[in-house]
Amino acid sequence: MVSRLRYLLNQRLTRKQTLQIHACIIASSATHLEPLLVNQILLSAGNRAGSAIRYVELILLHVQASCAFSWGITVRFLSQNGRFGEACSLYGRMQRLGICSSSFAVSSALRACARTMDKNGGSSIHTQAHKLGFCACVYVQTALLDLYSRVGDMETAQRIFREMPEKNVVSWNSTLFGYVKSGNIEMARKIFDEIPDKDAISWNSMISGYAKVGDMEQAGILFKQMPERNSSSWNAMLSGYIDCRNIESARKLFDAMPQRSNVSWITMISGYSKCGEVDSARLHFDQMAAKDVLVYNAMIACYSQNSRPREALQLFNDMIKPNIDIFPDEMTFSSIISACAQLGDLQSGSWIESCMLRLGIRMDNQLTTALIDMYAKCGSIDKACELFNELSKKDVVSFSAMILGLGINGRAIDAVRLFDEMIEAGINPNLHTFSGLLTAYSHAGLVEEGYQCFKSMRTYGLMATVDHYGMMVNLLGRAGLIEEAYNLIASMPSQAHSGVWGALLLACRMHNNVEIGEIAATHCFELEPDRAGYYSLLANIYASAGLWANVKKIRKIMEDKGFIKVPGFSWVDS
DNA sequence: TGACGACCTC
């Protein structure tokens, strides 16, 4: 088994081979891996990144048997490959076992804390590094600077920067990035102007800083000024346009780019996704020659976010075909689980779960949150609750998912209780949280409570969206408060969409209100002329009021539009 | 080894 492992480690790995390594390591766990081999595995994994990441977790099980060196490089390896949470917890385990640290391990662990925004974890490593005398190492200093910059503690970052005996362009850039990230564009510019020898990263950071605050003009000026543009510079401009929802300018820039990296393509795909232009996104996707896992993830997310779950699943199927050598990762599964939730079908959900198991995907809190949503929408609310209680850290997303889940399963009281718990825990609600709450009130028919909840959104600094208004119209309308619902639409700060008017029309049908029903129907016809359902609803309203002449009129329109088959022309008849 | 830029869940 061990020799087979050695052989595989010297190959350029395909997905199949990586799975074989997986199997080998599992099989070897019974016999125990020797420390030297562990080191060899780690180093070869580090050189290969990508697919090799899959078996690192299994190596961690064996790393106890090896030396301080293997611990250090494993922390570094995880940190370099975006497995920040695991890097932090491994470093913690190292500490508890009393294994000797190194500047390698310290700077890697700090980097991991910076990326996960774990300020407390980072500070305690800082204290420890100080005691061990690692703070004289320039890499550790830069990692500390990066940590405090990222978590927004610019005061400490500045102090570390000032105390650095030798400042290089990396330390300047880290400071610059800190100000950019915290949105302090004036200070960022000040630092930028002071950098003695700016490199491409300095320019790019400043450009994306302007782009992030929506100042594309300044971004453009710097972009033109900079001596040597690389593909990141173009991408910074590109995502700036996307963030301002200026897809036209993004498109022009994309077409003018001298070279397009995968980042450029992904930025365009997700840009189209945000604007709901799914087909344009797919067109770009199809044009790409070398697609990696991130490109697939972007396209799958696009389908999932734009309510096209079947196509998301289809693309996932294409992705895992044996002739395509790509590994789905945690992000792929987040989107795919969301697609299954939209389908409301547990069967595809459990198929996905078995895929995850087979591929060795580790359950993290985000994936668990996606699963909570899926189980709740498929009606398995107890399973959803179970997963929610197991979360190691609950955030606004998981709370919102659970609140919505309880709401759609008719447990309004529990939903409200959970909301209170969330506020108690100091977590700020967002627009999704209120969608969940309003859904809960709506399902329970709690009109007054729902209305109070809707009004309370302002207290949290939130502006109700059209969808929230739609939910309120639904709630009021079902309770027969048609006039109130209509007045609410009239008071909306933005234009109502067909969902809002449709909800009102449906309420008018339930409560046979001809007058407002006609108004609602007129808006629905205008907004969605080709949807037959609205015409039927109005016809039914007329019918229930005995206005047969009007019923006839609507039926005539429906015939003219081809919604109703005229006898003699029917396919079935012929 | 370190600094910029892309993909995830409600």
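Computed over heavy atoms, backbone and side chain alike; hydrogens, waters and symmetry mates excluded. Naming: A, B, ... by sequence-line order, numbering from 1 per chain.
- Side-chain N or O atoms of Gln141(A) include one that pairs as donor or acceptor with a backbone N or O of Cys135(A) at under 3.5 Å.
- Among the nucleotides dC7(B), dG2(B), dC8(B), the one closest to any side-chain atom of Ala298(A) is dC7(B).
- For the pair Asp395(A) CG and dC8(B) C1', the computed distance is 12 Å after rounding to whole Å.
- Atom P of nucleotide dT9(B) and atom CD of Glu353(A) are separated by 18 Å, given to the nearest angstrom.
- The side chain of Arg115(A) contributes an N or O atom lying less than 4.0 Å from OP1 or OP2 of dA3(B).
- Residue contacts for Thr369(A): at a heavy-atom cut-off of 4.0 Å it reaches a base atom on one of the strands shown.
- Arg260(A) places no side-chain N or O within donor-acceptor distance of the main-chain N or O of Trp265(A), the cut-off being under 3.5 Å.
- The CG atom of Leu294(A) sits 12 Å away from the C1' atom of dG5(B) (whole-angstrom rounding).
- Taking the six-membered ring for Trp and the full ring otherwise, the centers of Phe223(A) and Trp234(A) sit less than 6.0 Å from each other.
- The distance between atom NZ of Lys291(A) and atom P of dA6(B), rounded to the nearest whole Å, is 22 Å.
- When heavy atoms are screened at a 4.0 angstrom cut-off, Asn168(A) is found touching base atoms of the nucleic acid.
- Of the candidate nucleotides dA3(B), dC8(B), dC10(B), dA3(B) has the atom lying nearest to any side-chain atom of Val169(A).
- Using a 4.0 Å cut-off, some side-chain N or O of Arg111(A) falls inside it from OP1 or OP2 of dA3(B).
- In the set dC10(B), dG2(B), dG5(B), the nucleotide with an atom closest to the side chain of Tyr139(A) is dG2(B).
- If you check dC7(B), dA3(B), dG5(B) against the side chain of Asn235(A), the one that comes closest is dG5(B).
- Distance from the side chain of Ser231(A) is smallest to dG5(B) among dA6(B), dG5(B), dG2(B).
- Closest to the side chain of Ser107(A), from the set dT1(B), dA3(B), dT9(B), is dT1(B).
- Between the side chains of Arg189(A) and Tyr210(A), at least one donor-acceptor pair of N or O atoms lies under 3.5 Å.
- Looking at the side chain of Val138(A), the nearest of the listed nucleotides dG2(B), dC8(B), dG5(B) is dG2(B).
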**Request:** With side chain to side chain contact (heavy atoms under 4.5 Å, CB included) as the test, would you mind laying out the steps for Asp118(A) and Phe84(A) before giving the verdict?
**Result:** CA-CA 10 Å; Asp118(A) 181 5; Phe84(A) 303 119; over 6 Å; no
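- One can place CD of Gln366(A) at 13 Å from P of dC7(B), the figure rounded to the nearest angstrom.
- Nearest to the side chain of Val170(A), among dG2(B), dC10(B), dT9(B), sits dG2(B).
- In this structure, Gln305(A) reaches the dT9(B) phosphate: one of its side-chain N or O atoms is under 4.0 Å from OP1 or OP2.
- Rounded to whole Å, the distance from CZ on Phe316(A) to P on dC7(B) is 20 Å.
- Comparing dC7(B), dC10(B), dA6(B) by their closest approach to the side chain of Ser338(A) singles out dC10(B).
- One finds no side-chain N or O of Ser304(A) lying less than 4.0 angstrom from the OP1 or OP2 phosphate oxygen of dC8(B).
- One interatomic measurement links the two molecules: CD1 of Ile242(A) to C1' of dC7(B), which rounds to 14 Å at whole-angstrom precision.
- When rounded to the nearest whole Å, the span between CG of Asn230(A) and P of dA6(B) equals 14 Å.
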